[in-house]
Amino acid sequence: MKNRNVLYFVIGSMILLGAQFWLSSRYAKPVPPAQAPAPEAPKAQPAAAPAQAPAAAPAASVAQVAAASVPAGVKAADPAATYTLATADFRLTWQVATGALKQAIWLQDGTSFFPDAFPGLGALQGPGFETAREEKAATGVITVTFENAAGDRLSYLVPQKGLEIRVEGLSARNAALQLIANPTSDDPVKHLGRVFTLSEKSIQAVTWTEMLHDPFFSFLGAKRKELPPSSSRLGLDAGVEKDAKSQRNHYFAALWKLPRPAGRDASGYQLLPENGRLEASLYLGPKQAEPLLAFEKPFTRVIDYGFFGAVAQLLFWMLRMVYRVVGNWGWAIVLFTVIIRLATWHLNTKQTISMLRMKDFEPHQKAIQAKYEKFGGDMTKKAEMQKELMELYKKNGHNPMGGCLPMLLQMPIFLALWSMLNAVFELRHAPFFGWIVDLSAKDPYFIYPVLMGASMFAQQYMTPAVGDPAQRKMMLVLMPAMMTFFFAQSPAGLVIYYFVFNLIGIAQTWWIMKSYQPQPIKV
C-alpha cells in the first residue's frame, strides 16, 4: 500500500480541485448593485470630426456618473456618441456625453487596453457634455475638450508622441472626476487584472475578481475584498489580447497621478475639485521600467516581479545585457540559461554527488532497517534506528540533506525567473526562430513543452536511484507528464529556458556519473 501513496495523492488532489471549482461556481455571486448602472456603450467607433449633440436626453440616461439635475439649457450628447483621436502611439476614443476615455488601442499591434463594455476613465459627474472639439498647438500637443452650456469643461492634452496625458477640468458645480469606476458585474472589466494604489515604497492591489465574487471560503465567513486604500497614485492593469479567452498576463497599465489623494466610495475613485478646478496626469502604456520611471518612480512597482522581486530584477538586468550582445530575446534566453547553469554548477554537482553517495549507503541502510523491522511501529525503536543511521552518516562524513540543500538554495532563482519571464514587456511578441514568433505566448504546436518533458524524463532516468523503487518508477513518468501539461500553457520563452537548463543538466549528470569513484563505507 505504501507504494500507492503517490497515486492516492494525485487522485486526492484532483478531487479537491474539482470540489473547489464546484464550490466556486456555487458561491461566486455577482456583487449587488451599489448604484445605478451605466447604460452599455457600444463598441468605440472612430470619428473623423467631433460628434455633434443630437436631440436632448434626460440626464439620468447619460451615464452612471450623472447624478445631478440638468441645468437649464444643457442638452447632453447621445450616450452612443464618441470622439476618436489617433496619435503616433494610440487611437483614443472618448464618450462625448461623459468625457470618459472609453478605449485606447496600441497602434503597434492593435491591442485594446479595455473591454468594449468598460465604463471609461475620467468621466465628469454631472448632467453630461454636449460637444467635443479639438485644438492642436505648435508644440504638437492636441487638446480634446468636452463642454456644455452650464460651463463644465473637461480637456485632455494628448502629445502626438508620448504616453502621458494631462487632464484638466472646470466645473462651477464642483463636480468630481470619476477616475476609476467600480462596476457591478464582470463584463466591464472582463480580462482585466488588478486595480491598485501606490505609495513611495509599496503597492496595494486587488483583482476585479476578488472584489466582484465571493471567495472560495465564503461559506465559512470569508468576504469579498474592497478597493485598495485611497492614494494620489492609482491605476489598473490593462491590455486585452486579441481572441483572448482568458487573460494571464497584463503588459499594459492605465495610471493616474494626482495632486492629492483620490476620494473612494462604493462607486470607485474620484478626484474632488479645488475651487471648481481639476488637474491630473494619466499614463497609458506598457509596463516598462524606463517610461514608468519617467512618469514617476513609484509607478515602476506595477511590474509584478513576484515574491522574489529583487532577485527577478537582477536576473532581468542580466538578460538585457545578454540581449544587447546577441540582439534576439530567444537567443538571449538560451545564453542566459547557460550563464545561470554555470553559476549554479557547483551546487548541482554537490547535489548529484550526494545522491550517488546515498546510493553507496543503501545496502547498509537496508540492513539497519531490517534489524528494526521486527519492532513494527514502536516509536522508541524507530528513534533508535534513526540515531544509528545518523551515526553511520556521521562516521563517513556524509550529510543526508546534502542533495536537498543545493536545490533549496536554487529555488529563489527558479521562482524569480518564472515571475520575471512571465512579466516583462520586452518578451511580448518577441520572435525566436521558426514557429516561435512570440516568446510571451505558448508554443502553438507544443513542441518545446514535449521536448522539455522528454529532457526532464531523461535527466530523472540518469539520476541515481534512491528510495522506494516503485515510487521512483511512478514519479519517473508522472512528474515529466505533469510538467509537460503545465508548461504547455506557459510562455514559450519560459519553456525554452527550462528545456536548455535540462539539456545542460543531462550533460552535467553524465559527466559526474562517469567520473565518480565510489568510496568505501565505514561501518
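Of all the heavy atoms in Trp256 and Leu179, the pair that sits closest is NE1-O, 3.3 Å. The two residues Leu154 and Gly169 have their closest heavy-atom pair at CD1-CA, 4.1 Å. Considering all non-hydrogen atoms of both residues, Gly263 and Ser230 come closest at N-OG, 4.2 Å. The minimum heavy-atom distance between Asp237 and Phe196, with the atom names listed, is OD1-CE2, 3.4 Å. A pairwise comparison of heavy atoms in Phe129 and Gly99 identifies CD1-N, 3.8 Å as the closest pair. Taking each heavy atom of Ala492 and Asp438 in turn, the nearest pair found is CB-O, 4.2 Å.
The closest side-chain heavy-atom distance from Trp208 to Pro183 is below 4.5 Å. A 4.5 Å side-chain heavy-atom check between Leu163 and Pro291 finds at least one atom pair inside the cut-off. For the pair Tyr448 and Ile436, the minimum side-chain heavy-atom distance is below 4.5 Å. The closest side-chain heavy-atom distance from Leu236 to Leu192 is below 4.5 Å. Here the side chains of Val158 and Leu85 are in contact, with some heavy-atom distance below 4.5 Å. The side-chain heavy atoms of Gln103 and Phe118, taken from C-beta on, include no pair separated by under 4.5 Å. Taking 4.5 Å as the limit, every side-chain heavy atom of Asp152 sits out of range of all side-chain heavy atoms of Leu170. Here the side chains of Val322 and Ile339 are in contact, with some heavy-atom distance below 4.5 Å.
The backbone N or O of Leu227 lies less than 3.5 Å from a partner atom in the side chain of Arg264, making a donor-acceptor pair. Distance alone, capped at 3.5 Å, is enough to place a donor-acceptor pair between the Arg341 side chain and the Phe501 backbone. Judged by distance alone, the side chain of Ser419 and the main-chain N or O of Leu415 form a donor-acceptor pair under 3.5 Å. The closest donor-acceptor contact from the side chain of Gln288 to the backbone of Glu426 lies at 3.5 Å or more, if one exists at all. In this structure, the side chain of Glu164 does not engage the main chain of Gly162 through any donor-acceptor pair within 3.5 Å. Using a distance-only test at 3.5 Å, with no hydrogens or angles considered, a donor-acceptor pair links the side chain of Arg260 to the main chain of Leu272. In this structure a side-chain-to-backbone donor-acceptor pair under 3.5 Å is present from Thr337 to Ile333. A distance-only check finds no donor-acceptor pair linking the side chain of Asp78 to the backbone of Ala81 [under 3.5 Å]. In this structure a side-chain-to-backbone donor-acceptor pair under 3.5 Å is missing from Asp187 to Lys190.
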### Message
One pair to check against side chain to side chain contact (heavy atoms under 4.5 Å, CB included): Thr82 and Trp94. What are the steps and the verdict?
### Response
CA-CA 5 Å; Thr82 59; Trp94 290 268; over 6 Å; no
### Message
Between Arg277 and Glu279, is the salt bridge (Lys or Arg N to Asp or Glu O under 4.0 Å) condition met? List the steps.
### Response
CA-CA 7 Å; Arg277 296 186 177 274; Glu279 292 184 355; over 6 Å; no
### Task
Begin from the C-alpha positions of Glu290 and Arg320 and carry the test salt bridge (Lys or Arg N to Asp or Glu O under 4.0 Å) through to its verdict.
CA-CA 13 Å; Glu290 289 81 3; Arg320 291 182 66 178; 2.8 Å; yes
### Task
Decide yes or no on side chain to side chain contact (heavy atoms under 4.5 Å, CB included) for Glu147 and Arg133, but give the supporting numbers first.
CA-CA 9 Å; Glu147 299 172 303; Arg133 58 184 173 85; 2.9 Å; yes
### Task
Assess whether side chain to side chain contact (heavy atoms under 4.5 Å, CB included) is satisfied between Asn148 and Thr131, documenting all intermediate values.
CA-CA 7 Å; Asn148 63 21; Thr131 60; over 6 Å; no
### Query
Is there a side chain to side chain contact (heavy atoms under 4.5 Å, CB included) between Thr344 and Ile413 once you walk through the steps?
CA-CA 10 Å; Thr344 58; Ile413 298 177; 4.2 Å; yes
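Because its NZ or CZ atom is both nearer than 6.0 Å to the ring centre of Phe295 and within 45° of the ring axis, Lys257 counts as a cation-pi partner of that residue. A cation-pi arrangement is not found for Arg153 relative to Phe146, the charged atom failing to lie both closer than 6.0 Å to the ring centre and inside a 45° cone about the ring normal.
Aromatic ring centres of Phe487 and Tyr498 lie closer together than 6.0 Å. Proximity of the aromatic rings of Phe446 and Trp435 is defined here by a centroid distance below 6.0 angstrom, and this criterion is not met. Taking the six-membered ring for Trp, Phe90 and Trp106 have ring centres closer than 6.0 Å.
Counting only N and O atoms by type, the side chains of Arg166 and Ser281 include a donor and acceptor under 3.5 Å apart. Under 3.5 Å, the side chains of Ser231 and Thr197 contain no donor-acceptor pair of N or O atoms. A side-chain N or O of Asp265 and one of Ser267 form a donor-acceptor pair less than 3.5 Å apart. For the residue pair Gln178 / Gln125, a side-chain donor-acceptor distance below 3.5 Å is found, with atom types taken as modelled. For the residue pair Arg428/Thr111, the side-chain donor-acceptor check at 3.5 Å is satisfied. There is a side-chain donor-acceptor pair under 3.5 Å between Tyr83 and Glu134. In the model, Asp304 has no side-chain atom that pairs as donor or acceptor with a side-chain atom of His250 under 3.5 Å.
A salt bridge is absent between Lys442 and Glu241: the closest approach of a Lys/Arg side-chain nitrogen to an acidic carboxylate oxygen does not fall below 4.0 angstrom. Between Glu210 and Arg224 there is no salt bridge, since none of the side-chain N atoms of the basic residue sits less than 4.0 Å from a carboxylate O of the acidic one.
Counting non-hydrogen atoms of other residues, nucleotides and ligands closer than 6.0 Å to CD of Glu226 gives a total of 12 or fewer. Crowding of Phe307 atom CZ: a count of heavy atoms from other residues, nucleotides or ligands under 6.0 Å not exceeding 12.
Ring pair Tyr251/Phe425 is perpendicular by interplanar angle, where above 60° counts as perpendicular and below 30° as parallel.
Residue Phe252 is tested with Phe113, Phe114, Tyr283 for a ring-ring contact (aromatic ring centres under 6.0 Å, His included); the sole match is Phe113.
Between the CD1 atom of Ile165 and the OG1 atom of Thr143 there is a distance of 11.5 Å, given to the nearest 0.5 Å. How far CG of Leu335 is from CH2 of Trp331: 8.0 Å, rounded to the nearest 0.5 Å. Between Ile340 atom CD1 and Leu315 atom CG the span is 5.0 Å, to the nearest 0.5 Å. A distance of 10.5 Å separates CG in Asn249 from CG in Leu427, rounded to the nearest 0.5 Å. Taking NZ from Lys102 and CG from Asp116, the interatomic distance works out to 9.0 Å, rounded to the nearest 0.5 Å. Taking OG from Ser490 and CG from Asn422, the interatomic distance works out to 6.5 Å, rounded to the nearest 0.5 Å.
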